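Position 1 is the first residue of the sequence, and the numbers go up from there. Hydrogens, waters and symmetry mates are skipped; everything else that's a heavy atom, side chains included, is used. Being a predicted model, the structure only gives us computed values, none of them experimental.
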Amino acid sequence: VENTKFEDECVRIRVKNENNNRRCRSERERNGSDEVSMYSWPVIMQLLSCALYFYIPGIQTFLVSGFENKGSILLWFTIVDKCVGVMGRFAASRSKTLSPNLCLILQTLSFLALFVVGWPLSLSASGLIAAIASHSVLYSYTNTMLYVENVRTAKSKAAAKIMGEYLGIAQQAGASTGIAVAFLQTVSGLFG
């Protein structure tokens, strides 16, 4: 009699565990799709932002090719890019004003402005430097703001850690993509 009670208890525990496992699996599946959608847009934004930013060094000489003082413009490109990048990161850490979505749109417009004021039109060297300054500050702001928003809005430390890892991977993948595209265009002779 005791053996059957023990066996009945074991069966009851086994059934209870199976039900718990099924419930946990369904919750994980349900939450998993939410996590993917929650992570996907910021990761795509990070990838695009970094691809645009790291594409520019490969085409800088192309952008200044219509100007007579190419060397000094390239020097100012580098100086301005590095200085305003720090300002963008600082502003993002202190501000809640601009959303990363708006910054990415503005960054894309600044990227396109490089081609309007640079080669082939060669409208203005100062306009070109202003366009790189706005692009750099918006890249830095977007990049930092994505990490800051992740920490502010994460459901838990574990979720913030996972999202941070995804953002880091997207940052590296975007940088590699931008550099690879610029390299292939340069090697193929597309830029002169």
Treating S95 as the side-chain partner and A92 as the backbone partner, does any N or O pair qualify as donor plus acceptor under 3.5 Å? no
Between A133 and V84, which heavy-atom pair has the shortest distance, and what is it? O-CG2, 3.4 Å
All heavy atoms of S93 vs all of T144, minimum pair found to be N-CG2, 4.4 Å
L102 meets the side chain to side chain contact (heavy atoms under 4.5 Å, CB included) criterion, sequence neighbours left out, with L98, S99, L106
What is the minimum heavy-atom distance between P100 and T142, and which atoms define it? O-CG2, 4.1 Å
Identify, with sequence neighbours excluded, every residue that meets side chain to side chain contact (heavy atoms under 4.5 Å, CB included) alongside S176. none
Shortest non-hydrogen contact between K70 and S65, atoms and distance: CE-O, 3.2 Å
Which residues pass the side chain to side chain contact (heavy atoms under 4.5 Å, CB included) test with A180, sequence neighbours left out? none
Using a 3.5 Å distance criterion without hydrogens, assess whether the side chain of Y147 forms a donor-acceptor pair with backbone atoms of G168. yes
Give, for atom CZ of F111 and atom OG of S134, the distance between the pair rounded to the nearest 0.5 Å. 12.0 Å
May I have the list of side-chain donor-acceptor pairs in residues 42-64 shorter than 3.5 Å, sequence neighbours left out?
| residue | atom | partner | partner atom | Å |
| --- | --- | --- | --- | --- |
| Q46 | OE1 | N143 | ND2 | 3.4 |
| S49 | OG | Q107 | OE1 | 2.8 |
| S49 | OG | Q107 | NE2 | 3.4 |
| Y53 | OH | D81 | OD1 | 2.9 |
| Y53 | OH | D81 | OD2 | 3.0 |
| Y55 | OH | Q185 | OE1 | 2.4 |

When hydrophobic residues are tied together by side-chain contacts of less than 4.5 Å, even through go-betweens, does I73 share a cluster with L114? yes
So does V137 get a backbone contact from the side chain of S140, meaning a donor-acceptor N/O pair under 3.5 Å? no
Taking only residues two or more places apart in sequence or in another chain, which ones pass side chain to side chain contact (heavy atoms under 4.5 Å, CB included) with S188? L190
By side chain to side chain donor-acceptor pair (under 3.5 Å), K161 pairs with (sequence neighbours left out) E165
Note: Y141 and C103 closest approach over all heavy atoms is CD2-SG, 3.0 Å
Using the rule that two of Ile, Leu, Val, Met, Phe, Trp, Tyr join whenever any of their side-chain heavy atoms come within less than 4.5 Å, decide whether L146 and W41 are in one cluster. yes
Going by the rule side chain to side chain donor-acceptor pair (under 3.5 Å), which residues pair with T177 if we only count those two or more places apart in sequence or in a different chain? none
Output the distance between atom CD1 (I179) and atom OG1 (T186), rounded to the nearest 0.5 Å. 12.0 Å
Is there a path of hydrophobic side-chain contacts, each under 4.5 Å between heavy atoms, that joins W76 and M87? yes
Considering residues at least two apart in sequence or located in another chain, which fulfil the side chain to side chain donor-acceptor pair (under 3.5 Å) criterion with S126? S124
R152: side chain to side chain donor-acceptor pair (under 3.5 Å) partners, not counting sequence neighbours: E149
Note, Y139 side chain near R89 side chain (heavy atom, < 4.5 Å): yes
Between the CE atom in M145 and the CG atom in N101, the distance rounded to the nearest 0.5 Å is 11.0 Å
Summary of salt bridge (charged side-chain N to carboxylate O under 4.0 Å, His left out) pairs that have at least one residue in residues 100-113, sequence neighbours excluded: none
Is there a path from V86 to I79 through hydrophobic residues (I, L, V, M, F, W, Y) whose side chains come within less than 4.5 Å of each other? no
